[in-house]
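Atoms considered below: every heavy atom in the structure, side chains included; atoms not considered: hydrogens, waters and symmetry mates.
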Amino acid sequence: MKDFVGTGTLVRLALRRDRVLIPTWIAVFVVMAAGSAQATMDLYTDLPSRVEAARTTNASPALVSLYGRIFDETSLGELSLFKLTAFGAVLVGLLASILVVRHTRAEEESGRLELLSAGVLGRYAALAAALLVSIGTVVVLGLLTALALIGLGLPVAGSFAFGLVWTSAGLSFAGIGALVAQLTEGARTANGFTAIALGVSYVLRAIGDSSADGKSEWVSWLSPIGWSQQIRAFAGDRYVVVLLPLVLLAALVAGALALIRRRDVGAGLVRPRPGPAVAAPSLRSPLALAWRLHRGSLYGWGFAFLLLGLLVGNIASNVDGFVTSDSAREMVQKLGGVQAITDAFLSTEMGMVGLLASAYGIQAALRLRSEETALRAEPLLATGVTRTRWLASHVLMALLGTGALIMIAGLGSGLSSGASLGNVGRQVPRMLAAAAVQLPAIWLVTALVVALFGLAPKLITAAWALYGLFLLLGQFGALFNLPRSVINLSPYGHTPRLPGGTFTTLPVLSLTAIAAALLALGLTAFRHRDIG
C-alpha cells in the first residue's frame, strides 16, 4: 500500500483546485437533462403525438446517426432525453478524461508533481487521486440527474438508468484518460488522444445505430458510447450493461499502473520527436509559432465542425415532420426566436454550434497560461519579442480559429440544407450569416479568458465555470421562464436568431465592443505583472 501513500491529500488538493469547476459542470448537466425533459413533457402531452415524433426520428438516418435510436416509441422519458443520451455521454466522457489528465499529466508537465513526490508520496498516488475525483464527479452527476428526473415525474427505474448512461460513459473515458496520460509528455497531447477516442467511439455508435438492414448494429457494441446507449433508459433499463464500462475501466487502470512503473516522472512512453536544429523561416515570428502550436487542434476541430454542419443541415429537411403538434411548433419557435419551423431549428442548432466554438476559443486562449507555467514563454520574452506581440499571437489564433470553425459549420449546414430543400444558392448565404452573428458572443467569452490571464492568471480555469453559467442562461433561460434581465447576463442571449429572425446591429456591436475592452484589459494587465 506504500505506492498509494498520499492519495487522500492529493484528492483534497484536487477538490480544492476544482471547487468551482466541478460543481458548476454538475449543475450544467443536471439542469440540461431536467430542462430537456420538462420541455418535451410540455410539447408532447398525449401518446399519439409521442409515437409519431419517435417514428419520425427513427425514420431519419441523419437524426439517428446524430442522436441515436429511440428503442421504445411510446416512452415519454426516452423521447425526452434521446438527444442527450449519446451526445451527453460524449460530454460527460470528455469531462471525466480532462479531470484525470489535469491531475496527472498536467501536474507532471508543470513540475508540481515532482516537487510533491520529493515528500511522502506513493508512486500511484497521483493517478489514484485523479481517478477518485473524476469517478466521484460522474457518479454524483449521474445520481443528481436521476433525482432531478424523478422530481419531474419520470419513472424511478428509468431515471436511475439514465443517470447510469452518463456515469458509465464517464467511467470508460476516465480509464482512457488514465492510460493516455502515461503515453505522452504533454497534457494537450493526452487530451487530443482522448478526443480522438471519443470521436471514434461516437462514429462507431452512429454506424451501428444507422444501419438500415440491421446487419451492422453490432458495431455499436465496439463503442463505450454505444454501451451507454444500450442501457436503454426508459426502454427496458438494462443495468447489466454497466458491467462493460466497469471491466474496461479496470483493464485500463491496470494498464496505466503498469506503465507508471516503466517510466520516469515527467516522461511518457511515447517520446516526442525532436525538431530540427535550425528553425524554418515559417517559424521566425511569434504568430508563426502560435500557428504551429494551434494548427493540429484547429484541424481536428475543423473537421468535426464540418461534419456537424452537414448533419444539422441534413436534419433540417425533416424538422417539419418531427414537430407534430401546435405546442411543439410553438416551443421550437420560442427557442429559435423565429416563425418558420425549419429556420427555428437551424437557428437553435447554430446557437449550439456557437457554444461548441466557444469551447475551442477557451481552450486556445488557455494556451497562454500553459505556455507561461511550463516556462516556455519566459525564454521568448527574454529576446526581442515583446509581451504584446506574444500575447497577441495566441489571441489572434483563438479569435481567427473560432471564426473559421463557426463559418465552416455554417457552410456545411448551408450546403446540406440547401441540397435537401432544393435551394443551395439561397441557403448557403443565409447559414453563413447565421454563423457570423455568433462570433461576437464567442469572442467575448474568449476575451474573458484573456482578461483573467492578465488580471488573475491563477483563476483562469474559472472561465470554464462562467462558460457553463452562460450556457445555462442563454440556452435554457427561456425554458425556465427566467426574467429577461437574468438571461441577458449571458452573451449568447443577445445573439440575433438567424436565419429567419430579425437582425439588429446594436447587440452585435455591443458584444464586439465588450470583447475588445476585455482584450485590452487583459493585455494591459499582462504587461504590468510578473511572469509566472
Side-chain angles (χ1 to χ4, degrees), residues 32 35-36 39-40 43 60 62-63 66-67 83 87 305-306 308-323 326-358 402-403 405-421 423-424 426-445 470-480 482 484 487-488 490-508 511:
M32 186 165 57
S36 176
T40 305
L43 296 179
S60 170
L63 276 173
L66 184 61
Y67 298 122
K83 292 180 66 175
F87 189 67
F305 269 63
L306 177 61
L308 182 60
L310 291 171
L311 276 173
V312 166
N314 192 31
I315 293 171
S317 61
N318 300 311
V319 170
D320 191 59
F322 178 68
V323 185
D326 291 339
S327 59
R329 292 171 181 267
E330 181 182 352
M331 179 59 71
V332 173
Q333 291 168 0
K334 181 179 179 181
L335 287 174
V338 294
Q339 297 300 311
I341 296 297
T342 300
D343 282 350
F345 171 80
L346 289 171
S347 173
T348 302
E349 294 303 310
M350 192 53 62
M352 296 301 295
V353 174
L355 284 168
L356 294 176
S358 297
T402 53
L405 292 178
I406 195 69
M407 297 306 289
I408 287 172
L411 177 63
S413 62
L415 290 172
S416 58
S417 65
S420 299
L421 300 172
N423 196 341
V424 175
R426 179 172 181 266
Q427 279 298 104
V428 169
R430 296 177 79 232
M431 293 311 300
L432 288 176
V437 296
Q438 308 294 326
L439 279 174
I442 297 170
W443 285 344
L444 189 152
V445 174
F470 293 156
L471 186 155
L472 285 178
L473 295 178
Q475 296 299 314
F476 297 98
L479 289 177
F480 295 115
L482 294 179
R484 191 67 207 178
I487 297 176
N488 285 342
S490 169
Y492 306 110
H494 300 272
T495 301
R497 298 298 183 180
L498 299 179
T502 302
F503 174 77
T504 53
T505 59
L506 180 60
V508 172
L511 291 173

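W443 and G403 make their closest contact through NE1-N, 4.5 Å (heavy atoms, listed as atom of the first residue, atom of the second, distance). Taking both residues in full, the closest heavy atoms of R430 and Q427 are given as NH1-OE1, 2.7 Å, listed atom of the first, atom of the second, then distance. Nearest heavy atoms, P499 versus M431: CG-SD, 3.9 Å. For the residue pair S358 and I442, the shortest heavy atom distance occurs at OG-CG1, 3.5 Å. Considering every non-hydrogen atom in both A434 and V437, the closest pair reads O-CG2, 3.2 Å. Pairing each heavy atom of S417 with each of G414, the nearest pair is OG-O, 3.5 Å.
With T40 contributing its side chain and S36 its backbone, the two residues share a donor-acceptor pair below 3.5 Å. No donor-acceptor distance shorter than 3.5 angstrom exists from the side chain of S413 to the backbone of G309, with no hydrogens or angles considered.
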* Check the pair L432 / M407 against side chain to side chain contact (heavy atoms under 4.5 Å, CB included), numbers first and verdict last. => CA-CA 6 Å; L432 288 176; M407 297 306 289; 3.7 Å; yes
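Take L306 and apply the side-chain contact (heavy atoms from CB on, under 4.5 Å) test, not counting sequence neighbours, and it matches L310, I408. Shown here are the side-chain contact (heavy atoms from CB on, under 4.5 Å) partners of A441, two or more places apart in sequence or in another chain: P491, Y492, T495, L511. For Q438, there are no side-chain hydrogen bond (donor to acceptor under 3.5 Å, both in side chains) partners, not counting sequence neighbours.
Note: L411 CG to F305 CZ = 14.0 Å, rounded to the nearest 0.5 Å. Rounding to the nearest 0.5 Å gives a distance of 13.0 Å between CZ of R497 and CG of L346. Taking CG of L506 as the start and NE2 of H494 as the end, the distance is 10.0 Å to the nearest 0.5 Å. Annotation: the span from L308 atom CG to L356 atom CG amounts to 6.5 Å, rounded to 0.5 Å.
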